[in-house]
Visitor: 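Okay, handing you the structure first.
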Amino acid sequence: MVRTVPAGQYVCMKGDAVEHWLGVVDGLVKMASNWSSGKTTSFVGLSSGGWFGEGSLMKDEPRRYDVIALRESRIAYMKRSRFQHLLDHSIPFNRFLLIQLNERLGQFIGMMEHERLLNTDARLARCLASMFNPLLYPGSSLELRISQEEIGLLAGISRQRVNQALHVLEQAGLVRVDYGTLTILDLDRLRCFGE
DNA sequence: ACATTAACAGGAA
DNA sequence: TTCCTGTTAATGT
């Protein structure tokens with residue numbers, strides 16, 4: 001089943017019962033944590049072709065995080081029974097899942113490494129590059145419609161600092177900055193910026 | 001040093 | 001009108 005979620009709306013909320021495996025057919029969503037104290041932080045941006053929520057599905061637990069559409073997005077819902085059946089019977093499906101989990105793990109280990117070793121400009125570069133992982137998001141284009149404020153939430157830095165860093169990356173010819181839109185010009189160099 | 005918050009003005013949607 | 005961007009000043013670690 002595919003449903004369209006308008007910009008700013010929740011795709012699912014922390015605490016929800018998990019009945020589906022979710023995928024981004026088209027659009028952009030973020031996985032985030034919003035505390036009752038008002039504190040909020042985002043973890044990953046997921047673009048076209050990205051699947052998520054398999055963790056809670058396999059552990060049979062309530063949703064751990066909020067997922068919010070950053071712009072109008074089409075979300076695919078695969079029923080738990082279907083997911084379970086594929087898991088039990090399809091080797092290609094298991095391989096897909098294994099690759100995805102492996103890539104995610106790599107992504108998060110990388111985040112820790114970058115957090116500790118890189119300056120802010122480079123961290124932003126990695127954060128952007130991670131949203132274009134071809135294995136995790138096979139359908140995404142190199143154009144990212146996202147505000148600088150959202151980038152800040154995803155990268156864990158302030159909006160003003162994002163603005164500064166984007167100009168550094170633009171100067172280096174790695175991205176192009178337009179109103180509400182970011183275009184990746186050189187993904188390979190973005191991936192290793194600052195090394 | 002370097003990042004953050006706050007504030008504001010100008011421009012886009 | 002509301003959202004986004006570019007900038008600066010004050011503040012914090």
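So you know, we letter chains A, B, ... as the sequences are listed, proteins then strands, and number each from 1. In this text the structure is predicted, and so the values were computed from the model without any measurement.
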Visitor: Treating Ile, Leu, Val, Met, Phe, Trp and Tyr as nodes and any side-chain heavy-atom pair under 4.5 angstrom as an edge, say whether A:Leu28 and A:Tyr65 lie in one connected cluster.
Guide: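 No: no chain of side-chain contacts under 4.5 Å links A:Leu28 to A:Tyr65.
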Visitor: Contact class for A:Ser158 (heavy atom, under 4.0 Å): base, sugar-phosphate, or nothing?
Guide: base
Visitor: Aromatic rings A:His85 and A:His89: how do their planes relate, parallel, tilted or perpendicular, breaks at 30° and 60°?
Guide: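 Ring orientation, 0 to 90° scale: tilted.
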Visitor: For DNA chain C, which nucleotides open and close the run of contacts to chain A, 5' to 3', at under 4.0 angstrom from a non-hydrogen atom?
Guide: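 Reading along DNA chain C, I get C:dC3 to C:dT8.
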Visitor: Kindly say whether the aromatic ring centers of A:Phe108 and A:Phe43 come within a distance under 6.0 Å.
Guide: no
Visitor: Provide the full list of side-chain hydrogen bond (donor to acceptor under 3.5 Å, both in side chains) pairs with a residue in residues 16-28 of chain A, sequence neighbours left out, each pair given once.
Guide: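 Listed by first then second residue: A:Trp21-A:Glu54.
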Visitor: I'd like to check the side chain to side chain contact (heavy atoms under 4.5 Å, CB included) partners of A:Thr183; sequence neighbours left out, ordered by chain and number.
Guide: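 Residues passing side chain to side chain contact (heavy atoms under 4.5 Å, CB included) with A:Thr183: A:Glu143, A:Arg176, A:Asp178, A:Thr181, A:Leu185.
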Visitor: Take A:Gln107 and A:Asn133 through the test side chain to side chain donor-acceptor pair (under 3.5 Å) and record every step on the way to the result.
Guide: CA-CA 9 Å; A:Gln107 186 176 343; A:Asn133 180 324; 5.1 Å; no
Visitor: What are the residues of residues 159-167 of chain A, sorted by number, that bring a heavy atom to within less than 4.0 Å of DNA chain C?
Guide: A:Arg159, A:Gln160, A:Asn163, A:His167
Visitor: Between the protein and nucleotides 9-13 of chain B, which nitrogen or oxygen pairs come in under 3.5 angstrom?
Guide:
{"unit_1": "B:dG11", "atom_1": "N2", "unit_2": "A:Tyr179", "atom_2": "OH", "d": "2.9"}

Visitor: Answer yes or no: does atom CZ of A:Arg189 have more than 12 heavy-atom neighbours from other residues, nucleotides or ligands under 6.0 Å?
Guide: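 Yes.
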Visitor: OP1, OP2 of B:dA3 versus side-chain N and O of A:Thr120: anything below 4.0 Å?
Guide: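 Indeed, a polar side-chain atom of A:Thr120 lies that close.
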Visitor: Are the side chains of A:Leu154 and A:Lys30 in touch, meaning some heavy atoms are under 4.5 Å apart?
Guide: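 Yes, at least one pair of side-chain atoms sits under 4.5 Å.
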Visitor: Heavy atoms, side chains only, cut-off 4.5 Å: are A:Met31 and A:Leu46 in contact?
Guide: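 Contact flag for A:Met31/A:Leu46 side chains = yes.
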Visitor: Output every pair passing side-chain hydrogen bond (donor to acceptor under 3.5 Å, both in side chains) with a member in residues 69-80 of chain A, not counting sequence neighbours, ordered by first then second residue.
Guide: A:Arg3-A:Tyr77, A:Asp60-A:Arg80
